[in-house]
Amino acid sequence: MLSISQLKASYGAITAVRGIDIEVPRGTLVALLGANGAGKSTTLRAVAGIHRPITGSIRLDGAEISRLKLHQVVRRGLAFVPEGRMVVAPLSVEENLTLSSYAGRGDQAALLARVYALFPRLAERRKQTAGLMSGGEQQMLAIGRALMTAPAMLVLDEPSMGLAPAIVDVVFDAIAALHRQGQSILLVEQNAAIALGVCDFAYVMKRGEIVASGKPETLRDSAEIAEAYLG
Ligand SMILES: Nc1ncnc2c1ncn2[C@@H]1O[C@H](COP(=O)(O)OP(=O)(O)OP(=O)(O)O)[C@@H](O)[C@H]1O
Ligand SMILES: [Mg+2]
C-alpha cells in the first residue's frame with residue numbers, strides 16, 4: 001500500500017505539486033493522468049526519492065519514505081521506471097537484468113524467468129546490446145529491470161511515450177498481465193484512454209492538483225478529463 005498525503009513539491013519558486021493525496025492499495029493498478037506539465041513526473045520523482053526536499057507524507061506499507069533517497073526507497077520495495085526508459089546502453093539485455101537484481105531480494109533465476117515469460121521478445125534478444133534495440137524493446141527492458149528488484153510497488157512514468165501503437169499494446173498487455181498476477185502498480189500516463197483500459201482507479205491531475213478521481217468507467221467521458229486535457 002502506497003499512501004501519498006498532502007504532497008507538495010517545488011522547483012525553486014515554481015510549485016509543481018500542490019498538496020495532493022493518492023492511495024495505491026496492495027494489488028491494485030492505479031493511474032495518474034493529466035496533460036503536459038500537470039506535475040505527474042514530479043509526483044513520481046518525489047515518491048522514488050529523486051525529487052527533494054518535499055513536504056507532506058509518503059508511506060509505503062505504513063513506513064514513511066518521504067525523506068529517503070532512491071536507493072533506500074528501492075530497498076524498501078519500490079521500483080521506479082522513469083520517463084525515457086533508462087537502460088545501460090553498452091550492456092546486453094541479460095546483463096542489464098542481472099545488474100538490477102538484488103542479492104537477498106528474491107531468487108535471481110526465478111526473477112529472470114518471470115521477466116522473460118512476460119516479455120518473450122527480451123528472451124529472444126538476451127544477448128543483444130541494449131542501446132541498439134528499438135524504443136519498445138528498451139521500454140520492455142526498463143520494466144524488466146524494475147521487476148528484477150522484486151518490487152512490492154512498481155511505479156511507471158509514461159511507458160507509452162514515443163512508441164508506435166502496436167508496441168504500446170504489447171507493453172500494456174504486459175502491464176495488465178502483471179496486474180493480474182497481483183503486482184501493485186502506480187502508472188502515470190498522458191494517454192488516458194489506454195490507462196483507463198487497464199486501471200482499477202484513476203486520478204486526474206491539472207496544474208499540480210488532483211481535479212478528479214474515480215473508477216475508469218465513471219471517469220471515461222467525464223467532463224473533468226476533457227477539461228484537464230483541453231482547458
Ligand atoms: N527541473 C525542473 N525545473 C523547473 N521546473 C520544472 C522542472 N521539471 C518540471 N518543472 C515544471 O514543473 C511542472 C510539472 O512538470 P512535470 O514534469 O512534473 O509534469 P508532467 O505532468 O510529468 O508532464 P509531461 O506529461 O510533459 O511529462 C511544469 O510546470 C514544469 O515546467
Ligand atoms: Mg512527465
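Note that the coordinates shown come from a computational prediction; the quantities given were computed from them, not determined experimentally. Numbers here simply count residues along the sequence, with the first being 1. In listed order, ligands and their atoms are each counted from 1.
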Is it true that the side chains of Ser57 and Glu64 contain a donor and an acceptor less than 3.5 Å apart? yes

Is it true that Ala35 lies under 4.0 Å from ligand 1, counting heavy atoms only? yes

The residue among Asn96, Val115, Val81, Thr98 that forms side-chain contact (heavy atoms from CB on, under 4.5 Å) with Arg145 is Asn96

Going by heavy atoms, is Glu83 under 4.0 Å from ligand 1? yes

Around atom CZ of Arg52, are there more than 12 heavy atoms of other residues, nucleotides or ligands at under 6.0 Å? yes

With a 6.0 Å cut-off (strictly less than), is the heavy-atom count around CZ of Arg220, excluding the residue itself, greater than 12? yes

Under 3.5 Å between some N or O of ligand 1 and some N or O of Ala38? yes

Is the closest heavy-atom distance from Glu158 to ligand 1 below 4.0 Å? yes

Can you tell me how far CG of Leu32 sits from CD of Glu189, rounded to the nearest 0.5 angstrom? 10.5 Å

Option of least heavy-atom distance to atom 22 (O) of ligand 1 (set: Ala16, Gly37, Gly39, Ser41): Ser41

Any idea which protein heavy atom is nearest atom 16 (P) of ligand 1, and the distance to it? Thr42 OG1, 3.6 Å

Can a protein heavy atom be found under 4.0 Å away from atom 31 (O) of ligand 1? no

Between the side chain of Gln138 and the main-chain N/O of Ala130, is any donor-acceptor distance below 3.5 Å? yes

Note: Lys40, heavy atoms under 4.0 Å from ligand 1, region reported as both

Whether the side chain of Asp200 engages the backbone of Leu29 through a donor-acceptor N/O pair (distance < 3.5 Å, no angle test) should be reported. yes

Can you tell me which residue and heavy atom of the protein come closest to atom 26 (O) of ligand 1, and the distance to 0.1 Å? Asn36 OD1, 2.5 Å

Are Glu23 and Tyr203 close enough that a side-chain donor and a side-chain acceptor fall under 3.5 Å? no

How close does the nearest protein non-hydrogen atom get to atom 10 (N) of ligand 1, and which residue and atom is it? Tyr11 CE1, 3.4 Å

ang(OE2 Glu83, the Mg ion (ligand 2), OG Ser41) rounded to 10° is 90°

